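Predicted model only: the values in this text are computed from it and were never measured. Below, all heavy atoms of this structure are taken into account, side chains as well, without hydrogens, waters or symmetry copies.
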Amino acid sequence: MKKSNSFYGYSLIMAFFMLFLGARSQLTPYFYERTCPNLLDIVRYEVEKAFFKEIRMAASLLRLHFHDCFVNGCDGSILLDVSDGEKVSFSNLNSVRGFEVVDDIKRAVEYECSGVVSCADILAIAARDSVVITGGPTWNVLLGRRDGFVSSKAAANISIPSAFDSLYIIISKFKKVGLDVTDVVSLSGSHTIGLARCAAFNNRLFNFEQTGRPDSSMDEHMLFQLQLLCPNVSSYSADLDSKIGNFTTPLDRDSPIGFPTNDFDNHYFQNLLNRKALLSSDQVLLNSYETKRLIQDYSISTDRFFDDFAKSMVKMGNISPLLGSRGQIRKNCRRVN
C-alpha cells in the first residue's frame, strides 16, 4: 500500500525540524549572531571597565569559569546564591570573586537583548577577554550553553582541584571531566596572573607535611619573604591567624609582594623550574616526567604555551553544557527564574 503525499510531506518537515534541533544543540561561535549581535562587544567593554578599576579582576573572572565548569559542567551554577551552593565550598569560600562584575555584564546584556544570553556563556566570554586583556592568547568562544538549576557545595568539594591536591588527584579530577595531562599543565599556566591567599600555601612555610620544617623544594629567599608575609601565629591567636590567612601575594612572583603581576606569559613555568612555585598544586607538576616535560617546553616557548592553553580552554568550555531545551536562560545570574 502506497503512503500518501501528505505523509511524505510530514516526514520531510520532521527531518528538517530534527536537523534544526541538532544545529541548535551544538556549541558554536555564531550562536547569538542574529539574536544578540553586539554580545561580544558588550562583554568586552564590561570586562575592560572592571579590569581598569581593579587589575586583579581578570584572574578572578578566568577562575570563575574554571571553577564553574568542573562542577556539573559549564552551566553557571557557581553564580547561584544558595545556602549550600558552590560559593561556600572549600575551594571557593572567601576565594572566588567577581560576581558583581558578572552582574554588571548580565545587566548590560539584558538591556540589549533580554532573555537571550545565558550566564554560563557570559562566564566563557569574560574568561577569554580576561586572558586577552592581560596579553594572553585569544580563541573563538563556542556558545549556546544554558544555565543550570542546581549549585552544590558537596559536588564542588569533590570536583574542583585543590591547592593541596597531589598530582594523581589533580589528574584524576581533570580526567573525570574529559581533560588530559596537557590540559592540566596548560591550564595551570593561568596562575601567571592573579593572587593567592596565605591560607592557600602556608602549609609549605613552617610545618610541611607534619615535618616541623618548611617545604625544602621552595626557593630559600622566596620562603623567607613568604614567612614574613604569612607568619605562623596560629598557636597564639586563632583570630589573627584567620586574618593573616587572607593576606595575598602574586601567584607568578615577578614583582614585589603585594603588587600583582598581570602579564599573561610563560613566566609561571620558568618559576616552577626555578623552585619558585607558590602552591603545592603547582609544585607537584614537577613530579612526573610527562608534566615536567610540558613545563620545560612552555618555559621555552610562549607560542607553544599559548596554543595549548587556548585549545584547553575550548575543551574545558565543552564540559557537559546544557543545550537545546535543557536548563534555562536566567534573568538574574544569582538565582533561577
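Q270 and S299 share no donor-acceptor pair across their side chains, judged by distance under 3.5 Å alone. Side-chain atoms of D252 and H191 form no donor-acceptor pair, as typed in the model, at a separation below 3.5 Å. Side chains of D308 and S186: no donor on one and acceptor on the other come within 3.5 Å. A donor atom on one side chain and an acceptor atom on the other are found under 3.5 Å apart for S280 and N203.
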Check the pair T249, R197 against side-chain hydrogen bond (donor to acceptor under 3.5 Å, both in side chains), reporting the backbone distance first and the verdict last. CA-CA 7 Å; T249 190; R197 298 181 303 139; over 6 Å; no
Stepwise side-chain hydrogen bond (donor to acceptor under 3.5 Å, both in side chains) check, S301 with D303: CA-CA 5 Å; S301 174; D303 290 342; 5.3 Å; no
Check the pair N38, E112 against side-chain hydrogen bond (donor to acceptor under 3.5 Å, both in side chains), reporting the backbone distance first and the verdict last. CA-CA 8 Å; N38 296 321; E112 177 80 10; 2.9 Å; yes
Verdict with supporting geometry, I329 and V117, side chain to side chain contact (heavy atoms under 4.5 Å, CB included): CA-CA 6 Å; I329 304 298; V117 180; 5.7 Å; no
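No donor-acceptor distance shorter than 3.5 angstrom exists from the side chain of D183 to the backbone of M316, with no hydrogens or angles considered. Side chain of D180 to main chain of T182: a donor-acceptor pair is present (N/O by atom type, distance under 3.5 Å, no hydrogens or angles). Between the side chain of D219 and the main chain of M222, a donor-acceptor pair closer than 3.5 Å is present. One N or O on the side chain of R145 and one on the backbone of G317 form a donor-acceptor pair closer than 3.5 Å. With hydrogens and angles ignored, the 3.5 Å screen pairs no side-chain donor or acceptor of S159 with any backbone N or O of A156. Judged by distance alone, with hydrogens and angles left aside, the side-chain atoms of K173 form a donor-acceptor pair with the main-chain N or O of I160 at under 3.5 Å. The backbone N or O of G76 lies less than 3.5 Å from a partner atom in the side chain of R330, making a donor-acceptor pair. Using modelled atom types, no side-chain atom of S60 and backbone atom of R97 make a donor-acceptor pair closer than 3.5 Å. Looking only at distances, no side-chain donor or acceptor of R146 sits under 3.5 Å from a matching main-chain atom of D75. Judged purely by atom type and a 3.5 angstrom limit, E86 has no side-chain atom pairing as donor or acceptor with the backbone of N92.
With a 6.0 Å cutoff to the six-membered ring centre and a 45° limit on the axis angle, K87 counts as a cation-pi contact of F99.
Using a 4.5 Å cut-off between side-chain heavy atoms of Ile, Leu, Val, Met, Phe, Trp and Tyr, with links allowed through other members, F305 and V184 fall into the same hydrophobic cluster. Criterion: ILVMFWY side-chain heavy atoms under 4.5 Å apart, direct or through other members. Under it, F70 and L61 are part of a common hydrophobic cluster. Linking Ile, Leu, Val, Met, Phe, Trp and Tyr whenever their side-chain heavy atoms come within less than 4.5 Å leaves V132 and M313 in two separate clusters. One hydrophobic cluster, built from ILVMFWY side chains closer than 4.5 Å, cannot hold both V102 and L322; they sit in different ones. Transitive grouping of hydrophobic side chains (ILVMFWY, heavy atoms separated by less than 4.5 Å) keeps L93 and L79 in distinct clusters.
Using a 4.5 Å heavy-atom cutoff, the side chains of N266 and I300 are not in contact. Side-chain contact between D103 and R334: present, with at least one pair of heavy atoms (C-beta onward) separated by less than 4.5 Å. Residues C74 and L123 form no side-chain contact, since every pair of their non-hydrogen atoms from C-beta on lies 4.5 Å or further apart. Side-chain atoms of L286 and I295, non-hydrogen and from C-beta on, do get closer than 4.5 Å to each other.
Residues E110 and K331 come closest through the heavy atom pair CG-O, 4.2 Å. Contact between R56 and T248 at its shortest, heavy atoms only, is NH2-CG2, 4.3 Å. Residues C36 and V116 come closest through the heavy atom pair CB-CG1, 4.3 Å. Annotation for V96 and R63: closest pair N-NH1, 3.6 Å, computed over non-hydrogen atoms. Annotation for S151 and S77: closest pair OG-O, 2.9 Å, computed over non-hydrogen atoms.
Here F90 pairs with N157, S162, F164 under the side-chain contact (heavy atoms from CB on, under 4.5 Å) rule; sequence neighbours left out. Remark: N287 pairs with no residue by the side chain to side chain donor-acceptor pair (under 3.5 Å) rule, at least two apart or across chains.
Taking the six-membered ring where the residue is Trp, F264 and F306 present tilted rings, their angle falling between 30° and 60°. A tilted orientation is assigned to the rings of F66 and F174, their planes being inclined by 30° to 60°. Aromatic ring orientation, W139 versus F309: perpendicular (interplanar angle above 60°, classes split at 30° and 60°).
Counting only residues at least two apart or in different chains, salt bridge (Lys or Arg N to Asp or Glu O under 4.0 Å) contacts with residues 286-302 comprise R293-D297, D297-R304. Sorted pairs that involve residues 121-196 and meet disulfide bond (SG atoms under 2.5 Å apart), not counting sequence neighbours, are lacking altogether. Within the structure, the side-chain hydrogen bond (donor to acceptor under 3.5 Å, both in side chains) test picks out no pair touching residues 124-138 (sequence neighbours left out). Contacts classified as ring pair (Phe, Tyr, Trp, His ring centres under 6.0 Å) and involving residues 195-220 (residues at least two apart or in different chains) are not found.
Using a 4.0 Å cut-off between charged nitrogen and carboxylate oxygen, D41 and R44 count as a salt-bridge pair.
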